[in-house]
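Here the structure comes first, spelled out in structure tokens, and everything after it is commentary.
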Amino acid sequence: MNEAQRHLQGKVAVVTGASSGIGEAIAHELSAAGCSLVLTARRAERLNALCAQLPGPAVPLSAAIDEPATAQALLELAHRTYGCADILVNNAGMLVSGTLETIDLDGLMQMTRTNYDAVVRTSYVFARAFKQQGAGAIINVSSVGAYLSHSSMGVYAGLKQAVEVFSTALRVELKGSGVRVGTIAPGTTETEIFDRLRASGQPVRADQTPALQSSDVASAVRYMLEQPKHVSMARVLMVSSSESV
Ligand code: NDP
């Protein structure tokens, strides 16, 4: 084990959206790196099965991330179970897209609460605790979509851009405190996030071009977290080498 890998050994990481896709892969990656985990999403069965599979300690919290109480409950569960929290990965998210005439407005508002409001609340709750302890890391999962203008995906793109801007401001506010904040903006990644689009007959980028795998994104997240304390991986943009963005 080299110096960078030792950095994550014994750390306590909270991962949101861990029941599938990128979040599930991050849970595998961080558990293999020696982290103790708190994993959250709504689907309890998936979380329980994942916790049982992982090589290291992991506890589930089945909850909606857009419920205001969930952020504090995650912090408390980490402290109750492991005595501390060191890392937060804000990964839970959804994708609602469509044309002016067809887009689901209630779905859009749910996406706003999940992809932005919950990221802000969870980041603040953990950043306050991390600042008090003088150490911690927050990774917020953004998207390559933040840098694109697709007419059918404007709200998703806007929310991911807001995550980027918010995270940068938080990183700067916390400079010198021992708390690091970064974002990762993955390109198209083959996950269940596209199921809703497929069900409504909308075109799916992952079906047209070879996509990233969740494990690619997870290993980049691990790399960001393995950096020595004086390095802040502020923003990572990663796309499939076949993607035209
Ligand atoms: P998945 O649909 O596979 O995973 C989404 C995760 O978020 C699930 O674990 C889901 O759990 C959880 N989630 C969604 N809504 C809520 C909610 N209200 N409360 C709690 N948990 C919730 O998609 P991905 O793995 O692709 O997405 C992960 C992140 O990556 C998202 O932020 C997405 O925007 C981002 N991303 C994805 C890309 C892609 O091409 N796939 C590209 C760029 C970014 P459950 O349903 O059990 O609650």
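When a ligand or atom number is given, it counts from 1 through the structure's own listing order.
- In this structure, Ile87 is not a member of the same hydrophobic cluster as Val119, with clusters built from ILVMFWY side-chain heavy atoms closer than 4.5 Å.
- Taking the six-membered ring for Trp and the full ring otherwise, the centers of Phe166 and Tyr124 sit less than 6.0 Å from each other.
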Should Thr112 and Asp117 be marked as a side chain to side chain donor-acceptor pair (under 3.5 Å) after you check the CA-CA gap, both sets of side-chain angles, and the distance that decides it? CA-CA 6 Å; Thr112 302; Asp117 296 2; over 6 Å; no
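- Using a cutoff of 4.0 Å between basic side-chain nitrogens and carboxylate oxygens, Arg46 and Glu192 are scored as salt-bridged.
- Inter-residue side-chain proximity for Gln213 and Thr189 is flagged as unmet; no heavy-atom pair is nearer than 4.5 Å.
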Which protein N or O atoms sit under 3.5 Å from any N or O of ligand 1? Give each pair with its distance.
unit_1: ligand 1; atom_1: 2 (O); unit_2: Ile193; atom_2: N; d: 3.3
unit_1: ligand 1; atom_1: 3 (O); unit_2: Ser20; atom_2: OG; d: 2.8
unit_1: ligand 1; atom_1: 4 (O); unit_2: Ser20; atom_2: OG; d: 3.2
unit_1: ligand 1; atom_1: 7 (O); unit_2: Gly93; atom_2: N; d: 3.4
unit_1: ligand 1; atom_1: 9 (O); unit_2: Gly17; atom_2: O; d: 3.0
unit_1: ligand 1; atom_1: 9 (O); unit_2: Ser19; atom_2: N; d: 3.2
unit_1: ligand 1; atom_1: 9 (O); unit_2: Ser19; atom_2: OG; d: 2.8
unit_1: ligand 1; atom_1: 11 (O); unit_2: Ser19; atom_2: OG; d: 2.9
unit_1: ligand 1; atom_1: 15 (N); unit_2: Arg42; atom_2: NH2; d: 3.2
unit_1: ligand 1; atom_1: 18 (N); unit_2: Asp66; atom_2: OD1; d: 2.8
unit_1: ligand 1; atom_1: 19 (N); unit_2: Ile65; atom_2: N; d: 2.8
unit_1: ligand 1; atom_1: 23 (O); unit_2: Thr191; atom_2: OG1; d: 3.4
unit_1: ligand 1; atom_1: 25 (O); unit_2: Ile22; atom_2: N; d: 2.8
unit_1: ligand 1; atom_1: 26 (O); unit_2: Thr191; atom_2: OG1; d: 2.5
unit_1: ligand 1; atom_1: 32 (O); unit_2: Asn91; atom_2: O; d: 2.8
unit_1: ligand 1; atom_1: 32 (O); unit_2: Lys160; atom_2: NZ; d: 3.0
unit_1: ligand 1; atom_1: 34 (O); unit_2: Tyr156; atom_2: OH; d: 2.7
unit_1: ligand 1; atom_1: 34 (O); unit_2: Lys160; atom_2: NZ; d: 3.0
unit_1: ligand 1; atom_1: 40 (O); unit_2: Thr189; atom_2: N; d: 2.7
unit_1: ligand 1; atom_1: 40 (O); unit_2: Thr189; atom_2: O; d: 3.3
unit_1: ligand 1; atom_1: 41 (N); unit_2: Thr189; atom_2: O; d: 2.9
unit_1: ligand 1; atom_1: 41 (N); unit_2: Thr191; atom_2: OG1; d: 3.2
unit_1: ligand 1; atom_1: 46 (O); unit_2: Arg42; atom_2: NH2; d: 3.1
unit_1: ligand 1; atom_1: 46 (O); unit_2: Arg43; atom_2: NE; d: 3.3
unit_1: ligand 1; atom_1: 47 (O); unit_2: Ser19; atom_2: OG; d: 2.8
unit_1: ligand 1; atom_1: 47 (O); unit_2: Arg42; atom_2: N; d: 3.4
unit_1: ligand 1; atom_1: 47 (O); unit_2: Arg43; atom_2: N; d: 3.0
unit_1: ligand 1; atom_1: 47 (O); unit_2: Arg43; atom_2: NE; d: 2.7
unit_1: ligand 1; atom_1: 48 (O); unit_2: Arg42; atom_2: N; d: 2.8
unit_1: ligand 1; atom_1: 48 (O); unit_2: Arg42; atom_2: NE; d: 2.7
unit_1: ligand 1; atom_1: 48 (O); unit_2: Arg42; atom_2: NH2; d: 3.4

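- Without hydrogens or angle criteria, Glu226 side chain to His7 main chain gives no donor-acceptor distance under 3.5 Å.
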